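Reading through the structure tokens given below for one structure.
Start at 1 and go down the list; that is how both ligands and their atoms are numbered. Residues take their numbers from the sequence shown, with the count starting at 1. Nothing here was measured: the structure is a model prediction, and the numbers come from that model.
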Amino acid sequence: MPETLTQADTRTQDFLPLDGIDHLEFYVGNAYQAAHYYRLMFGFDITGYRGLETGDKEKASYVLEQGNIRFILTTALTPDHEVARHCQLHGDGVKAIAFKVKDVDASIAAVKKRGATVEQAPTSLEDEHGKFRVATIRNYGDTIFRFVDREGYGKGFAPGFIKKETPASRSAGLAAVDHIVGNVELGAMEYWANFYKKTLGFEQLAHFTDDDISTEYSALMSKVMQNGTGKIKFPINEPAEGKKKSQIEEYLDFYVGPGVQHVAMNTKDICETVRTLRSNGVRFLRVPDTYYETLADRVGKIDEDFSVLQELGILVDRDEDGYLLQVFTQPLEDRPTLFFEIIERHGSRGFGVGNFKALFVSIEEEQKRRGTL
Ligand code: FE2
């Protein structure tokens, strides 16, 4: 069973108050097309833009929103731009995880003192809507954390962006970012768990060993770190020794280094969300039919109909606090790297460890099809 540490074991002073995830920025090969992919497949509205028409000659970005989730998709307009190099090396992926904070300068001072590498010192951006303060530090691989104070900024995403009027898309009911998972190299999980603890003041919520998460062929280890309010959760995975290549190694090979493996988003009605996404053409991991044979015995009484869950391929897990429903998409691009998780929580604060094994068998089937197992 996973070892769950109590708050008293890991309590650290919250020297870094974070008001949640402000946005995720993806670096992509073609932001115009990616924006429409996330709009049409996942139900995001395109609400903002910057690019040639707004005077930016180097890059173009689209702002996508659904519920409390905000994605920025950025592409390079020139071949030697940092975004172009990032995409050539990693493919499309999450570049920045942005926190909303009240004081960017105090946040940076606090994390710098505790060992963070500051990439962009606190900077003010201004336009007719007000002032926006931002700074960044390094995370695993080429990924960064961004600190954003938008208290003094009115409408729109940020200075440099214009509001975009596009027809409202059909929402899929995605409400908020639940957790963001990183894959790091063998032996690096401990380093990053420590970094999150010492530098960001996060605490360890759970630790899964390869005994918890393994199949006949592959294994992984995971530590779940969360901030002081418990609202921001970052599991960190590393591969473990297995007979064949684990899905984490496959990711590291194709992303060419550590990065964000998946972004989990909450919904209040996972059945409706999955129906919408399926009808939009979103591809999910296949769940073996055998998974549902013992499910009722394993999770007990739940509000949902088991036959509907089976029809939609939705997974269920239960722990001492309640249960959760979850589903995983196939990778969002040709490289088998980033994917999404859709999750509906009924009390459980876990991550579906009871599903990992069934899921990995399914992922290994996909790896076999890709010839990368
Ligand atoms: Fe997850």
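Protein-derived N/O/S atoms nearer than 2.8 Å to the Fe ion (ligand 1) total 3, waters excluded.
Listed by chain and residue number, S124, E126 satisfy the side-chain contact (heavy atoms from CB on, under 4.5 Å) test with K131 (two or more places apart in sequence, or in another chain). Residues meeting the side-chain hydrogen bond (donor to acceptor under 3.5 Å, both in side chains) test with Q326, sequence neighbours left out: E341, N355. Remark: D22 pairs with R70, R150 by the side-chain hydrogen bond (donor to acceptor under 3.5 Å, both in side chains) rule, at least two apart or across chains.
Ring centroid separation for the pair H86 and H81 does not come in under the 6.0 Å cut-off. Aromatic pair Y196/F234: centroids less than 6.0 angstrom apart.
H129 and Y153 have perpendicular rings, their planes meeting at more than 60° on a 0 to 90° scale where under 30° would count as parallel.
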